[in-house]
> 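This is the structure I have questions about; it appears just below.
Within every chain, numbering begins at 1; the chains are lettered A, B, ... in the order of the sequence lines, protein sequences first and strands thereafter. Note that this is a predicted model, so its numbers are computed, not measured.
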Protein chains: 2
Amino acid sequence: MKKNKTKEGEIFLQLLKNRGLSFTRQRKIIFEHIIKNHDHFEVKHIIEALQKRKLRVSRATVYRTLAHLEDCRLIRKMDLGHGHSHFEHILGYKHHEHLCCEKCGKIVEFGDSILEKRIKKILELNLFNKTNHNVRILGICKNCQK
Amino acid sequence: MKKNKTKEGEIFLQLLKNRGLSFTRQRKIIFEHIIKNHDHFEVKHIIEALQKRKLRVSRATVYRTLAHLEDCRLIRKMDLGHGHSHFEHILGYKHHEHLCCEKCGKIVEFGDSILEKRIKKILELNLFNKTNHNVRILGICKNCQK
DNA sequence: TTATAAATGAGACTGAGTCTCAATATCATA
DNA sequence: TATGATATTGAGACTCAGTCTCATTTATAA
């Protein structure tokens, strides 16, 4: 199986190696598809997109591969309150949080150092790990306020 | 059907009246059970507790009644990242947010005016409604950090 | 009392995600 | 290159929360 020269590729291959796992056809397909598309994504979209390209990979394998990609911190699983998981890339992206509209599902990414500072304080006060957190704010966006 | 004299009772009866609905046996059972227990709760727990007390109410009716109680702002539905909804009382309780441990599910309520102020600013900057929001912070609690 | 409308319960259904297991693929090494 | 041990896959069964349907029951207003 041809090696992948990107930084992401190295990280993924390293994780597989450390775990004694192989870079199979399916893992390659899923990995490359995700790395190519630098957006928020959902499992359903991955499966549909691969089907369109006639690259048959089972649902179970997609879930299994996403879990590996999460483990090596290439992607992050998020619960944005839609009843299913969303994922986003981490590598090369600055830490940020998500603001979502409860009505239409609109997602806004934002970074805010004042908020982050206060969150850390709150985590500390409650004896939670300060470095590991994620914040989700639900609200109503402009369009949905009418 | 006997009237309920509490403030919560008045609010619920008023909502039902406004909607042309009646205070049925089932609604009474569910309402009184919830009002009596001032805690976070889950649908499953409500159903189990009522079954134990031999008060048979169907799952569908529990969900329907909770929706009414939410509509009249006696309770609030929350997604704490457990894969199912949690509810909490609102009436008589100060606004607060939730901090949850991603590993063990521990829930901590907290109120923090600095955080709230900053959240409002963020909502404003992103053209979201300032008064209607809820924040969920996921992290790792002390016990789970080991 | 009766017509009209609302309410209920049972269970079918949905959709995300997990699990199982037989068949297949991969890898290190002989 | 062949082999055996191990990992991997796909198909579909399964779970679980939540929703929906619809026939039957209950409440309300006149």
> For B:Lys36, I'd like to know if atom NZ has over 12 heavy atoms of other residues, nucleotides or ligands within 6.0 Å.
yes
> In whole angstrom, what separates B:Leu21's CG from C:dA6's C1'?
7 Å
> Working note: B:Glu116 + B:His133, criterion side-chain hydrogen bond (donor to acceptor under 3.5 Å, both in side chains); need CA distance, chi angles, decisive distance, verdict.
CA-CA 10 Å; B:Glu116 292 298 330; B:His133 69 272; 2.8 Å; yes
> In Å and rounded to the nearest 0.5 Å, what is the NZ to SG distance from A:Lys106 to A:Cys100?
11.0 Å
> Could you check how far NZ of A:Lys28 sits from P of D:dT9, rounded to whole Å?
14 Å
> Provide, to the nearest angstrom, the distance between the CZ atom belonging to B:Arg19 and the C1' atom belonging to C:dA5.
17 Å
> Want to settle it: does A:Lys44 or B:Gly20 sit nearer the 5' end of DNA chain C, counting the closest nucleotide to each?
B:Gly20
> Would you indicate, yes or no, if C:dT26 has its OP1 or OP2 atom less than 4.0 angstrom from a side-chain nitrogen or oxygen of A:Ser22?
no
> Should A:Ser85 be listed as having a side-chain N or O under 4.0 Å from OP1 or OP2 of C:dA16?
no
> Any donor-acceptor pair under 3.5 Å joining the side chain of B:Arg64 to the base of C:dG9?
yes
> Return yes if some donor-acceptor pair links the side-chain N/O of B:Asp79 with the main-chain N/O of B:Gly81 below 3.5 Å, else return no.
yes
> Reading DNA chain D from 5' onward, which residue's closest nucleotide shows up sooner: B:Val43 or A:Val62?
A:Val62
> Whole angstroms only, please: what is the CG-P distance between B:Leu66 and D:dT19?
10 Å
> May I ask you to verify if any side-chain N or O of B:Thr61 is less than 4.0 angstrom from the OP1 or OP2 atom of C:dG9?
yes
> Hey, is the side chain of A:Arg27 poking within less than 4.0 Å of OP1 or OP2 on D:dT9, counting only N and O atoms?
yes
> Starting the side chain at C-beta, find the nucleotide from C:dG9, D:dA17, C:dG17 nearest to A:His84.
C:dG17
> Quick one: B:His82 NE2 to D:dG18 P, roughly how many Å, whole number?
13 Å
> For the pair made of CD in A:Glu42 and P in C:dA16, what is the distance, rounded to whole Å?
9 Å
> List the steps and the verdict of side-chain hydrogen bond (donor to acceptor under 3.5 Å, both in side chains) for A:His95 and A:Glu97.
CA-CA 7 Å; A:His95 179 77; A:Glu97 309 297 356; 2.8 Å; yes
> Atom CD1 of B:Ile47 and atom C1' of D:dG18: how far apart are they, to the nearest Å?
10 Å
> If only side-chain N and O atoms of B:Gln26 are considered, is one of them under 4.0 Å from the OP1 or OP2 phosphate oxygen of D:dT26?
no
> What's the CG-P distance between B:Leu16 and D:dT28, to the nearest Å?
11 Å
> Taking the nucleotide of DNA chain D with the nearest heavy atom to each, does A:Ala60 or B:Gly83 sit closer to the 5' end?
A:Ala60
> Tell whether A:Arg59 reaches the base of C:dG15 with its side chain through a donor-acceptor pair below 3.5 angstrom.
no
